[in-house]
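Report on one structure; see the data block that follows.
Every chain is numbered from 1 and lettered A, B, ... according to where its sequence line falls, protein lines coming before strand lines.
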There are 2 protein chains.
Amino acid sequence: MTHSNKTKRVRATTLADVGLAAGVSAMAVSAVLNGALTSSRIAPKTRKRILETAALLNYRANGTARALASRRMHTIGVAGVVDGNGLEFNHYFLEILSGILMTAGRREENTTLFTLHEWSPDPEPIRRFCDGRIDGLILIAPRLTVETGRMFPAYTPFVAVHANCPLPGVINVESDEEDGAYEVTRHLIARGHRDIIHITGPRGLLGAERRIRGFERAIVNAGIHFDSSRLVEASFTTSDGRIAMRQWLKAHVGDRLPQAAFCASDAIAVGCMEALAELGLRVPDDISIAGFDDTFTARTTVPQLTTVRQPLWSMGNRAAEILLDRIEHPERPLTDTPNPVVFPVEVISRASVASPPVAARVVPPQPAAAS
Amino acid sequence: MTHSNKTKRVRATTLADVGLAAGVSAMAVSAVLNGALTSSRIAPKTRKRILETAALLNYRANGTARALASRRMHTIGVAGVVDGNGLEFNHYFLEILSGILMTAGRREENTTLFTLHEWSPDPEPIRRFCDGRIDGLILIAPRLTVETGRMFPAYTPFVAVHANCPLPGVINVESDEEDGAYEVTRHLIARGHRDIIHITGPRGLLGAERRIRGFERAIVNAGIHFDSSRLVEASFTTSDGRIAMRQWLKAHVGDRLPQAAFCASDAIAVGCMEALAELGLRVPDDISIAGFDDTFTARTTVPQLTTVRQPLWSMGNRAAEILLDRIEHPERPLTDTPNPVVFPVEVISRASVASPPVAARVVPPQPAAAS
DNA sequence: CTGAAAGCGCTTACAG
DNA sequence: CTGAAAGCGCTTACAG
């Protein structure tokens with residue numbers, strides 16, 4: 001440890017220090033070092049002298065002071081839930097975040113992360129984030145009400161990804177969820193499945209409802225009877241998927257297993273597969289499973305998961321682009337940005353979906369008695 | 001969109017605004033609202049009036065101004081590589097990050113992320129991060145030289161996780177990598193394997209070398225011949241693991257497949273398994289595979305991966321604790337903190353390791369000719 | 001118990 | 001081409 005043991009914090013060199021040493025005003029130093037937009041130009045000789053003394057004194061501009069004076073932080077915020085209840089990773093969040101970090105980095109913006117344990121309708125946390133340290137905020141899959149949206153500070157630009165409610169004054173980046181649900185259900189039907197259930201997201205959430213609508217439409221269009229017994233509610237997490245599937249299995253001992261289950265997220269699908277495995281039921285031999293999202297997870301399950309691909313990384317990318325554009329051009333009317341921005345989705349066919357078993361298998365004990 | 005279309009950015013309410021409206025000084029407002037440590041107490045009636053007008057005017061303190069005046073940002077930085085070359089997620093990084101976010105959140109600190117595409121020995125990026133917007137910085141698996149470390153600003157506290165070099169003035173959080181490599185190699189030997197290779201991290205990196213040392217020691221201690229042909233170099237990523245294994249297989253057509261491979265990271269192990277699968281070789285039937293890290297990945301591969309568990313989440317936790325303590329108590333000498341902090345590791349036995357095949361399988365075409 | 005002053009380190013007009 | 005002044009919105013001593 002060569003550094004001084006007494007960690008008396010040393011003061012960083014300031015503009016004034018450099019100015020003093022170079023024999024010019026702090027302002028002149030600011031002009032050459034921090035590329036101020038002052039119309040004036042500093043003479044080559046002074047410029048050189050300033051640069052030298054700055055290097056000598058190891059000067060670096062204080063970002064906070066700069067931000068306060070220029071009213072620009074060069075930092076965007078991202079708010080979302082990183083960890084599904086407990087330690088379970090939220091891959092959905094991470095892939096979007098990765099896209100955001102990418103374009104923010106390219107545009108030389110920093111990113112500060114505000115992590116929530118869950119989205120509550122309370123707008124207070126969001127308002128606390130907008131305390132002058134970020135230029136704008138991206139909300140990832142927020143659950144907020146319209147009234148909540150009205151309480152957002154008017155001077156902060158917002159972009160929301162998969163907002164479950166059209167927030168006033170917020171640009172929304174979404175994907176065509178209903179279409180994805182419709183297409184993946186059709187995919188299951190095309191493979192010969194008719195007895196299909198849907199493990200849904202939390203009822204009431206826009207994203208969950210859209211998937212349910214797509215599912216129902218595909219079922220009905222295929223001339224298959226639809227009723228609510230086909231819907232099993234869960235949250236979007238693996239642990240909830242596991243619990244929901246377990247409960248279903250417990251309540252249906254002796255019944256025929258459905259031929260296929262469409263899960264509202266990959267995370268749910270993983271939990272669902274775990275619950276099936278606990279009873280020795282095999283995917284896709286005994287039941288086909290489809291997910292939604294195409295996160296990293298979908299490629300590492302056994303078997304790999306048929307799912308609906310949402311371009312999460314690109315959506316993060318775009319969200320950051322839009323936000324930065326709004327920050328840089330506050331004069332442009334909000335209505336100049338398309339809103340919402342909707343990304344197309346795509347069914348990715350993998351090994352978790354196969355043709356239905358010749359004779360549908362039955363869960364443990366007793367004989368029949370329909371669901 | 002109910003908000004004004006002309007996005008003329010509205011100014012946020014300031015202390016002065018509130019003071020004016022309440023008929024007191026800005027300082028009085030500051031004292032009651034932002035809990036300044038002023039010895040003085042504001043009278044209950046004034047206090048109440050101030051609180052009411054603040055609520056009325058929707059006042060929130062400007063974090064930047066506050067930071068500049070108090071010289072405390074309440075934000076820590078995290079620097080590391082999020083994405084292994086390209087889109088591959090760095091789960092190692094994410095798990096540590098998650099631990100950091102957790103304790104930072106609990107201690108009401110924000111976290112700003114500085115993402116690098118790779119660690120170069122250039123100290124410039126790090127210095128740029130220390131521009132007065134963070135109170136301290138956590139470096140994740142940095143590759144820096146001692147000289148580089150000397151160029152760090154003396155007034156910023158640093159903590160490094162798995163630093164590949166003892167940086168001056170930096171507290172290091174590590175794990176017992178050599179021990180982990182030793183134990184997992186012994187685990188392979190105990191299962192009956194003798195012909196074992198090690199797919200290493202980048203040579204020269206401390207972390208990689210430590211694992212090599214542990215591996216070699218276990219091999220030699222077991223009375224097995226050791227030479228450098230047992231070492232296959234890769235970086236820590238999946239794509240590099242895939243390439244390294246592919247090349248090895250190509251160069252050894254006709255030779256006997258090793259009985260086991262110990263990979264220096266889970267990511268490498270995944271790539272290695274992919275390369276084996278390309279040739280129809282099965283894990284663990286044809287070859288046993290072990291990884292290192294026990295990231296999320298290890299539980300989702302087929303088969304699940306035997307690996308060395310590093311408590312990444314806890315390490316992130318601790319790193320944040322240490323950093324925040326140093327920020328809050330700059331007067332405490334650096335030497336008061338244990339340095340390095342070393343976490344124990346543990347071998348996690350899963351399905352990717354089994355007993356060696358009775359007759360070791362042979363890769364495609366021609367007959368023998370030893371390696 | 002409360003206020004007037006100075007200052008955090010920078011930038012932005014405005015003069016010369 | 002360069003400098004002196006004012007200000008960004010807060011906090012920290014220091015007076016009363």
Are the side chains of A:Pro121 and A:Arg143 in touch, meaning some heavy atoms are under 4.5 Å apart?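 Result no, sub-4.5 Å side-chain heavy-atom pair not found.
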Want to settle it: does A:Ala69 or B:Ala69 sit nearer the 5' end of DNA chain C, counting the closest nucleotide to each?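 Comparing both residues, the 5'-ward one is B:Ala69.
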First of B:Lys45 and A:Leu68 reached from the 5' end of DNA chain C, by closest nucleotide: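 That would be B:Lys45.
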Salt bridge (charged side-chain N to carboxylate O under 4.0 Å, His left out): pairs with one or both residues in residues 158-174 of chain B, sequence neighbours excluded: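 Applying salt bridge (charged side-chain N to carboxylate O under 4.0 Å, His left out) to every pair that reaches into residues 158-174 of chain B, excluding sequence neighbours, yields B:Glu174-B:Arg210.
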OP1 or OP2 of [N] versus the side-chain N and O atoms of [X]: is any pair under 4.0 Å?
X	N	answer
A:Ser30	C:dC10	no
A:Arg47	D:dC1	no
A:Thr46	D:dT2	yes

Strand contacts (DNA chain D) in residues 13-26 of chain A, 4.0 angstrom heavy-atom criterion: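 Only A:Val24, A:Ser25 qualify.
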Establish, from distance only, whether the side-chain atoms of B:Arg133 and A:Asn62 form a donor-acceptor pair under 3.5 Å.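 The criterion, which ignores hydrogens and geometry beyond distance, is not satisfied for A:Asn62 and B:Arg133.
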[X] [atom1] to [N] [atom2]: how many Å, rounded?
X	N	atom1	atom2	value
A:Arg72	C:dC10	CZ	C1'	16 Å
A:Lys48	D:dC1	NZ	C1'	19 Å
A:His74	C:dC10	NE2	C1'	13 Å
A:Arg66	C:dT12	CZ	C1'	13 Å
B:Met27	D:dA15	CE	P	16 Å
A:Asn62	D:dC8	CG	P	18 Å
B:Arg71	D:dC10	CZ	P	18 Å

Using the side chain to side chain contact (heavy atoms under 4.5 Å, CB included) criterion, which residues pair with B:Thr14? Sequence neighbours excluded.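 Partners of B:Thr14 by the side chain to side chain contact (heavy atoms under 4.5 Å, CB included) criterion, ordered by chain and then number, come out as B:Arg11, B:Ala16, B:Asp17.
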Residues in ring pair (Phe, Tyr, Trp, His ring centres under 6.0 Å) with B:Phe129, at least two apart?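 Ring pair (Phe, Tyr, Trp, His ring centres under 6.0 Å) list for B:Phe129, sorted by chain: B:Phe114.
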Contacts of type salt bridge (charged side-chain N to carboxylate O under 4.0 Å, His left out), residue [X], not counting sequence neighbours:
X	result
A:Glu118	none
A:Arg49	none
B:Glu147	none

Can you give each donor-acceptor pair under 3.5 Å made by side-chain atoms of residues 316-325 of chain A, sequence neighbours left out, with the distance rounded to 0.1 Å?
residue	atom	partner	partner atom	Å
A:Glu321	OE1	A:Arg107	NH1	2.6
A:Asp325	OD1	A:Arg107	NH1	3.3
A:Asp325	OD1	A:Arg107	NH2	3.0

For Watson-Crick and G-U wobble pairs within 3.5 Å on both distances, what is DNA chain D written in dot-bracket notation, | included for inter-strand pairing? |||.||||||||.|||
